[in-house]
Amino acid sequence: MNEWGNAALRLEDYQDLHRASIAEPERFWLQEAARIDWSQAPTRGLDFSRPPFARWFPDGMTNLCANAVDRWAARRPEDPALIAVSTETDTERTYSFAELLAQTTAWAAAFRSLGVGVGDRVLIYMPMIAEAVFAMLACARIGAVHTVVFGGFASGALAARIDDAAPKVIVAADAGSRMGRIIPYKPLLDEALGMADHRPHKVLMVDRGLAPIHWAHHDIDARALVEANRHVEVAPVDLPSSHPSYILYTSGTTGKPKGVQRDTGGYAVALAASMEHIFFGQPGGVFFATSDIGWVVGHSYIVYGPLIAGMATILYEGAPTRPDPGVFWRLVERHRVRAMFTAPTALRLLKKEDPRHLTGYDRSSLKALFVAGEPLDEPTSRWIADSLGVPILDNYWQTETGWPILTLCRGLTDAPVKPGSPGLPVYGFDVQLVDEASGEPVPAGDKGVVAIAAPLPPGCLTTIWNDDARFVRTYFQSIPGKMLYSTFDWGVQDEEGYTFILGRTDDVINVAGHRLGTREIEEAVTTHPAVADAAVVGVHDEIKGQTPVAFVVLKDASRAGEALSQEIIQAVAREIGALAKPSSVNFVPALPKTRSGKVLRRALQAIWEGRDPGDLTTIDDETALKAVLALRRAAAKD
Ligand code: AMP
């Protein structure tokens, strides 16, 4: 037993357990399936008759909302379930499991009254308020498929998601708030609806009283509709395990975002198991993930994971440093938080502040801090470990997988931490490091693509929404010859299986833990009429990990200047959102390209980071590269 009362396997024993989970996946996962409630318990673990499509628990029937809410409302109705805190509006409200059930049922009835049924999509474009969680759980209750769009996305990104998901209903709010600044959502939504081809049946508006709402003919006051449905009984719908629970869009190498589709039963089991083996889940405990419901961490570890484990979850609207940099730790003290989950960027921000903001609070309830989303640098890791005095557990995963691929499963093993590595492959993930060109495994210590042999374990994406072909092509055909899922990350594995992540193999960048496609940003830059051509790369940033930098060729070079640069940055904010804004726009006479016309983004990135751009033998025209070098030298002198 270790200090948390769990079986503490030595490294070799954990490796045995991991091997068994790969060798006999059905056996392993059918055992884990007992962690959730089923209306019809599965007798089969896996249907893999159509690889790479994996259907977990094919004859099981269940409901995500019943597992997250009803079963705890029955057993511990008065326990806190959702603690909605906003330091933006200075409000805090705790909903017990009984109250969460009542709210979710009323929202489910409201959706039904609008004709939303099993398989219909509901798009949720919301700030971090309790209604967003009610809406998500209500969808799960009636078998509707939610697609949450991060509130920081602007109209162009929102329109693309509306068209792809074709929602019957959209749920939005009047406004969000960031660092005390009100951000009205309704004008962005109306603009997006003007751009999109798809028309939703209705738009449900939650009026927080932060910004005036311009009501359109299809808009309905959400709170009034929910009140009118307050006492309508809506039982959770029994759904096949493979029924899609949600779509979550993520960036790739093309301009078009991919709708990651998740199932119901596999997801519930994967989360329940992860709460036990990885995240210190304990019914009655409090979990605090500082992400946003618009991202995968928000889906898995603000909403579904903690609730499935019978924990209260903190939904936090606010920044890490406002009203002061002690706000996270004040919440830990106030709510006796057991486990916390954040991103390295937030820690790097806090590291710059007075240490008294951290030491001034009682953090004795905290058992561990989990970090993910981007590489955890060693100085930050050491600083936070020394300051908090609890284990800092890095976990590596992706929107696609829904839960960790690599970490040290502290509920299972005491295998030691190795600095710089998130840890070992998690049970169920057959992680292999392979040669990019041949698909053959590389020897320990050599760099390779981090790949996962099919079938992907429960909880991972089951396909791309409406596009099975893209799912197969993108993830399973980029590595030749084998049925391997590519993470599109480089890595290196040591003899014991500890894996170190070395960065992306594609043109995806990671800004403050948020994944952005450079292609998407380039498309936003080129919406400006003065722009002829553009390349965007991610360059190192002290706080955010990476930041986008744009290289722009103008139709009329004489227009180059600060004013135009600002206009281009605003075009990106308008199309995608403030999070994608380039930190600088550099005007160049031409982009460095290969003879076949491919932009040499890696070379641009290397030059901008002051590194050697490497092999440039494929370059078409050296003057373009020289111009970038000259710009860099000039910028470095400023
Ligand atoms: P997202 O789908 O937005 O969560 O982004 C996933 C990507 O973020 C991964 O493919 C990695 O490139 C990066 N990433 C996530 N977690 C980690 C981690 N713990 N260490 C290093 N990189 C990470």
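Numbers here are sequence positions counted from 1. Read the numbers this way: they start at 1 and go in the same order the structure lists the ligands and their atoms. In what follows, every heavy atom counts, from backbone to side chain, and hydrogens, waters and symmetry copies are set aside.
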Qualifying ring-ring contact (aromatic ring centres under 6.0 Å, His included) pairs with a residue from residues 416-442, counting only residues at least two apart or across chains: Phe28-Tyr427, Trp29-Tyr427, His277-Tyr427, Trp403-Tyr427, Trp403-Phe429

Electrostatic pair Asp263:Arg55 at N-O distance under 4.0 angstrom: no

Contact residues of ligand 1, where a non-hydrogen atom lies under 4.0 Å away: Gly373, Glu374, Pro375, Asp394, Asn395, Tyr396, Trp397, Gln398, Thr399, Asp489, Ile501, Arg504, Asn510, Arg515

Phe328 and Phe288 aromatic centres sub-6.0 Å: yes

Candidates Thr399, Thr401, Asn395 - the one meeting side-chain hydrogen bond (donor to acceptor under 3.5 Å, both in side chains) with Trp397: Asn395

Short N-O contact, Arg515 and Glu400, less than 4.0 angstrom: yes

Ring-ring centroid check Phe279 Phe341, cutoff 6.0 Å: yes

